[in-house]
Amino acid sequence: MRSTFSTSNARACCSLLAAVFCVQAALADGENYSLWPRRPAALEEARRLMDRGSLAQALELLQPLVNQGGVVGREAKDLIGALRIRQVLDPNGPDVKEYTVKRGDSWIRMVKKLGCSQAMLVHLNGLMDVPSLQPGDVFKYRPLNFHVVVNVPEKEVCLYDGENFVKAYSMVTMKDTGRKNFETTVKDEQASFSIYDKHYPAADKTLLLAAGGYVIEAGNGAPRSPGFYLNRQDCNELAMLTRPGTKVTIIREKGTEQ
C-alpha cells in the first residue's frame with residue numbers, strides 16, 4: 001500500500017513539474033518575461049539606477065522602450081510614470097517659476113497668462129482653497145506645454161512632454177465611433193463648482209475637446225457623451241496637467257489621418 005501511494009505521488013509530482021516547465025516555456029515565447037533569463041537588460045539596469053537615485057540615467061534607458069509594446073512597453077511606461085509625475089508635481093522642481101500678482105489680476109486672467117491650470121497653481125502653492133488675490137502676492141507656477149495622446153487600440157490616455165513620454169492613464173471605458181486619427185485641443189475644463197468656489201480644487205474635472213463633442217472625464221457608469229473615461233484620480237491629475245489649448249491627438253489606427 002505504501003509503495004503504491006509513493007509511486008502515485010511520484011507520478012503526480014512529475015506531471016506537475018512537467019506542467020510547470022511547459023508553462024514557463026510558453027511564457028518565455030510570449031510576453032511574460034519575468035520567468036525568462038533574457039529579460040530586457042535595460043529594464044533591470046533602469047531599476048538599479050532608480051534604486052541609486054540616478055533618475056536621469058534611468059529615464060534615458062526607459063524612453064526607447066515605451067513604443068516596444070507588450071509587457072516591456074507597459075513596464076517601461078509604469079516606471080517612467082512613477083518618476084516623471086513626481087518631478088512634474090514637485091513644488092521645487094526645475095520648471096517651477098514664480099509670479100507676482102499685479103493690480104487687476106484675477107484667477108482666470110492669471111491662469112491664462114501663465115499657461116498653467118488653476119489646479120496646478122493650488123497644488124504648487126499648498127493651498128486648500130482659492131484665496132482672494134492681492135497685488136504683491138507671489139505664487140509658484142509651472143507652464144504646461146504637454147501633449148495628450150488618446151490611444152484607442154491600447155485603451156489609454158498618454159501624456160508627452162515634446163517627444164518624451166510622461167505617463168499613461170488607463171481608460172475605464174470609452175464611447176467612440178470615429179475611424180480615423182485626428183488632432184484637436186482641450187477647449188475648456190469644467191467642474192461642478194465655480195473657479196472661485198472653495199470646493200473647486202477638489203471637484204471632479206471634465207476636459208472638453210474642441211472637436212467632435214468629445215470629453216475626457218471620470219467614468220461613472222455608462223458613458224453619457226462621446227469620449228474617453230478614466231478613474232477619478234487619474235482624470236483629476238490629467239486635468240491638473242492640461243489647460244485650454246493643450247494639443248490632443250486621437251489615435252485609432254496607425255497610418256491614417258483625418
Side-chain angles (χ1 to χ4, degrees), residues 53 55-56 59 80-150 157-169 184-210 215-218 228 230-249:
L55 305 186
L59 287 171
I80 293 172
L83 290 175
R84 290 289 282 124
I85 209 65
R86 197 165 55 200
Q87 295 174 339
V88 168
L89 298 180
D90 184 356
N92 300 309
D95 295 321
V96 173
K97 306 177 185 299
E98 289 189 345
Y99 175 76
T100 303
V101 176
K102 299 175 175 56
R103 188 174 302 278
D105 273 344
S106 67
W107 274 97
I108 293 176
R109 187 177 294 119
M110 184 171 69
V111 166
K112 185 174 181 180
K113 182 193 302 184
L114 299 179
C116 194
S117 68
Q118 181 170 315
M120 178 62 87
L121 278 172
V122 168
H123 166 76
L124 292 177
N125 293 281
L127 304 174
M128 298 302 294
D129 55 24
V130 181
S132 298
L133 297 180
Q134 302 296 329
D137 287 346
V138 178
F139 288 95
K140 293 181 178 181
Y141 74 98
R142 188 192 196 285
L144 300 175
N145 299 309
F146 297 115
H147 172 204
V148 175
V149 176
V150 178
V157 178
C158 297
L159 194 69
Y160 283 82
D161 185 1
E163 297 296 320
N164 292 322
F165 174 86
V166 176
K167 189 172 181 180
Y169 302 95
T184 182
T185 60
V186 173
K187 179 181 179 181
D188 198 9
E189 175 190 289
Q190 289 188 345
S192 52
F193 295 94
S194 161
I195 193 171
Y196 295 105
D197 192 287
K198 66 179 181 179
H199 297 102
Y200 180 86
D204 288 346
K205 311 298 192 301
T206 296
L207 298 178
L208 303 180
L209 304 189
V215 299
I216 299 176
E217 67 176 12
F228 312 98
L230 311 176
N231 70 43
R232 184 185 181 207
Q233 180 178 342
D234 286 350
C235 190
N236 288 340
E237 184 175 281
L238 182 64
M240 182 189 297
L241 300 171
T242 56
R243 58 178 174 79
T246 294
K247 180 181 173 182
V248 179
T249 301

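Note that the coordinates shown come from a computational prediction; the quantities given were computed from them, not determined experimentally. What's counted below: heavy atoms across the whole structure, side chains too, no hydrogens, waters or symmetry copies.
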Rounded to the nearest 0.5 Å, the CG atom of Leu114 sits from the NZ atom of Lys140 at a distance of 15.0 Å
Flag side-chain contact, heavy atom, 4.5 Å: Leu144 against Thr246 = no
OH (Tyr141) and CD (Glu98) are apart, to the nearest 0.5 Å, by 9.5 Å
Can you see which heavy atom on Phe193 is nearest to which on Ala203, and at what distance?
-> CD1-CB, 3.7 Å
How many angstroms lie between CE in Met240 and SG in Cys235, if you round to the nearest 0.5 Å?
-> 11.5 Å
Note, Val186 side chain near Ile216 side chain (heavy atom, < 4.5 Å) | no
Side chain to side chain, Arg243 and Val111, heavy atoms closer than 4.5 Å | no
Assess whether atom NZ of Lys112 is packed by more than 12 heavy atoms of other residues, nucleotides or ligands within 6.0 Å.
-> no
Backbone of Leu127 reached by a side-chain donor or acceptor of Asn125 within 3.5 Å | no
Interatomic spacing from CG in Asn236 to OG1 in Thr206 - rounded to 0.5 Å | 9.0 Å
Heavy-atom side-chain contact between Ile80 and Leu59 under 4.5 Å | yes
With a 4.5 Å heavy-atom cut-off, do Thr242 and Phe146 have their side chains touching?
-> no
How would you list all residue pairs meeting side-chain hydrogen bond (donor to acceptor under 3.5 Å, both in side chains) that involve residues 184-193, not counting sequence neighbours?
-> Glu189-Tyr200
Separation of Lys205 NZ from Arg232 CZ (nearest 0.5 Å) | 9.0 Å
Show every donor-acceptor pair shorter than 3.5 Å between a side-chain atom in residues 157-169 and any protein atom, with sequence neighbours excluded, or say none if there are none.
residue, atom, partner, partner atom, Å
Asp161, OD2, Arg84, NH2, 3.3
Lys167, NZ, Glu237, OE2, 2.8
Tyr169, OH, Glu237, OE2, 2.7

Any side-chain heavy-atom pair of Asp95 and Asp90 under 4.5 Å | no
Report the distance from atom CG of Asp105 to atom OG1 of Thr100, rounding to the nearest 0.5 Å.
-> 10.0 Å
Close side-chain approach of Met120 and Leu89, heavy atoms under 4.5 Å = yes
